[in-house]
Amino acid sequence: MSSAVTAAPNDRTVLTGLARAMVQHQMIRLDQALELQRKAESDKSTFIDELIASGQMKSQQLARFCADAFGCPLLDLAAVDMNSLPTGLLDSKLASETRVLPLMKRGNKLSIITSDPADFQALDRIKFSAEATVDAIVVEHDKLMKVLEKIGKSASEQLSALSDESLEVEVTNDDQSSQVQDTDIDDAPVVKFLQKVLVDAINAGASDLHFEPYEKFYRIRYRVDGELREVSQPPLAIKEKLASRIKVISKLDISEKRVPQDGRMKLVMSAQRAIDFRVSTLPTLFGEKIVMRILDPSSAKLGIDALGYDPDQKELLLAAVQRPYGMVLVTGPTGSGKTVSLYTCLNILNKPGINISTAEDPAEINLPGVNQVNINDKAGLNFSAALKSFLRQDPDVIMVGEIRDLETADISIKAAQTGHMVLSTLHTNDAPTTLTRMVNMGIAPFNIASAVILITAQRLARRLCTCKAPADLNEDALRLAGFRESDLTGNWQAFRPVGCERCSGSGYKGRVGIYQVMPISEATQNLILTGGNALQIAKQAEAEGVNGLRRSGLIKVMQGHTSIEEVLGCTNE
């Protein structure tokens, strides 16, 4: 609005919204508009209520004016079947307060029925709550009021359900656990909005959430099946409140915005299900970016069969972890499922007669029966200090979250050489390069050869949805992708993604593991001792029948689990 319309220089009453528009279009006089607005304020009603009640304008005439003045479609409410109105689009309390009805939602656009399209404050509240842009459709005021009175709570109660007592946010950290009581701010829009975002992320199967502030907008993205998807652009003004809210429930310092912080929280969905979140904050140019990693404890109990290992790979891995001593390493980039693989192995080994200790930064999934230690560098509890302490407590199995330095690697190797099973991770591209990486870290080749018994590299590829369709590929394209001549004569069919409602049009639903499981044979040990490089080790492994990541991915294509494009995108030849 460019300027205020006032009755006189000394009159501080300012016309806003519909009253201002009507005066500007000479539908009513200025003094009439001021009187109606003052009466609405004193009676705690609205300008449009007072206007209709005064008889100065009929409801039908007002609807036509609003449609013309604000460029909105005009709808006859009598033509709308009230029973067909969608649910789940808007909070019932907010719909009642703003006196609107949700009509439809397409993509990121919500269409609402209203009699006052000039109530911009109400439209902003709806936009924030529904996480969508809002299109107003004008109807006659008296008809809308009758419908709202009749159907009462016809709008969605989604946010109300999210703030129900059954949904609790429980905060946990290294040494304490407490419940956050929100009795004073339970109705705060930011609290409800955050609860909605978290529950929606869990229901969507997201692995992490990204809250990202920029100069002119603020966005929230989920990572679903390995892909980041934008789900909301809330008002930029709430970025500080949202960051503070996340920090409070994650036991972080809300006054510290200059350095990164790490914390965790727990969302209690029901008596049987609780979801952990690992929270990381990072100062950026325009505010703090927050990433929340979703840690579902049930993923560690899926069993090794659910991870996607081929039968021969599964046999090799189980045989290795059940040996009395040695080192098993899991490698791959961040987000490739290394933690779930390690926890699955720990779950297999977790028996009353076995003493298991883990050092993690931080412990992502709680496993009863396993002694889990959170690394705390500030307090001097690093990986090497934890490992030294473990060895004084007679462990059978030790899990090290990540081998980052020579000291941690050296203690882990010695533990594996002295009667302990050691499980750990490294960030390398494949199994052969893991061995050369350890040599480059400064570990003696004879220690690597005597301690490491198996290395598994892994990736996660998107799994094709049930809407998949046969892919028409010629033999040259298949050869170029890496298929062998023997594969081309086999009885199998490649599939391509299509897209349906179940997979939100992407053609993929869920993920499938691609693995390279490489046992350290005597020939490989000799290569390590004689200074063999990663290419030589890879060639030896292939000669022994170990499938590389690309070959394992192509087998998943032949089995119909994923597409050729997906395998080519996440593996190298």
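For clarity, every value in this text was computed on a predicted model and none was experimentally measured.
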Criterion side-chain hydrogen bond (donor to acceptor under 3.5 Å, both in side chains) against [X], the qualifying member of [options]:
X    : options          : result
R404 : T425, D361, N382 : D361
R221 : H210, E212, E230 : E212
T571 : R550, Q516, R551 : R550

Please check this pair: side chain of [X] against backbone of [Y], looking for a donor-acceptor N/O pair closer than 3.5 Å.
X    : Y    : value
T433 : A534 : no
Q458 : G513 : no
S424 : V400 : yes
K257 : E288 : no

If every non-hydrogen atom of [X] is compared with every non-hydrogen atom of [Y], which pair is closest and at what distance?
X    : Y    : value
A359 : I375 : CB-CD1, 4.1 Å
I514 : G553 : CG2-N, 3.5 Å
M438 : I413 : CE-CD1, 4.0 Å
P102 : L110 : CB-CD1, 4.4 Å
G560 : L464 : O-CD1, 4.2 Å
G401 : F383 : N-CE2, 3.8 Å

Rounded to the nearest 0.5 Å, how far does [atom2] of [Y] lie from [atom1] of [X]?
X    : Y    : atom1 : atom2 : result
L252 : R264 : CG    : CZ    : 12.0 Å
D487 : T489 : CG    : OG1   : 7.5 Å
I294 : R223 : CD1   : CZ    : 12.0 Å
D276 : K266 : CG    : NZ    : 5.0 Å
D208 : F277 : CG    : CZ    : 11.0 Å
I202 : L209 : CD1   : CG    : 8.5 Å

With side chains defined as the heavy atoms from C-beta onward, is the minimum distance between [X] and [Y] less than 4.5 Å?
X    : Y    : result
D310 : K556 : yes
T456 : V330 : yes
Q372 : L367 : yes
P432 : T436 : no
L307 : S341 : yes
F211 : L194 : yes
Y222 : V197 : yes
S111 : R106 : no

On the 0 to 90° scale, with breaks at 30° and 60°, tag the F193-F128 ring pair as parallel, tilted or perpendicular.
tilted

Run the numbers on R462 and E227 for salt bridge (charged side-chain N to carboxylate O under 4.0 Å, His left out), then give the verdict.
CA-CA 9 Å; R462 290 183 294 170; E227 266 194 340; 3.2 Å; yes

Using a strict 4.0 Å threshold on nitrogen-to-oxygen distance, state whether [X] and [Y] make a salt bridge.
X    : Y    : answer
E566 : R511 : no
R293 : D262 : no
R479 : E485 : yes

Would K468 count as a cation-pi partner of F495, with NZ or CZ less than 6.0 Å from the six-membered ring centre and within 45° of the ring normal?
yes

Has [X] got more than 12 heavy atoms of other residues, nucleotides or ligands less than 6.0 Å from its [atom1]?
X    : atom1 : result
E256 : CD    : yes
D472 : CG    : no
L406 : CG    : yes

Polar contact flag, side-chain donor to acceptor under 3.5 angstrom, S521-T524
yes

Would you tell me whether Q540 and Q536 have side-chain atoms, one donor and one acceptor, within less than 3.5 Å of each other?
no

Only one of I354, L349, N347, T358 forms a side chain to side chain contact (heavy atoms under 4.5 Å, CB included) with V370, so which one is it?
T358

Under the side-chain contact (heavy atoms from CB on, under 4.5 Å) criterion, do V328 and L423 qualify, and how do the steps go?
CA-CA 5 Å; V328 173; L423 309 176; 3.7 Å; yes

Begin from the C-alpha positions of L554 and N547 and carry the test side-chain contact (heavy atoms from CB on, under 4.5 Å) through to its verdict.
CA-CA 10 Å; L554 295 178; N547 289 329; over 6 Å; no

Set out, in order, the CA-CA distance, both residues' side-chain angles and the distance that settles side-chain contact (heavy atoms from CB on, under 4.5 Å) for L198 and M265, then state yes or no.
CA-CA 11 Å; L198 297 181; M265 54 164 281; 3.8 Å; yes

Set out, in order, the CA-CA distance, both residues' side-chain angles and the distance that settles side-chain contact (heavy atoms from CB on, under 4.5 Å) for L316 and V546, then state yes or no.
CA-CA 11 Å; L316 288 170; V546 174; 5.9 Å; no

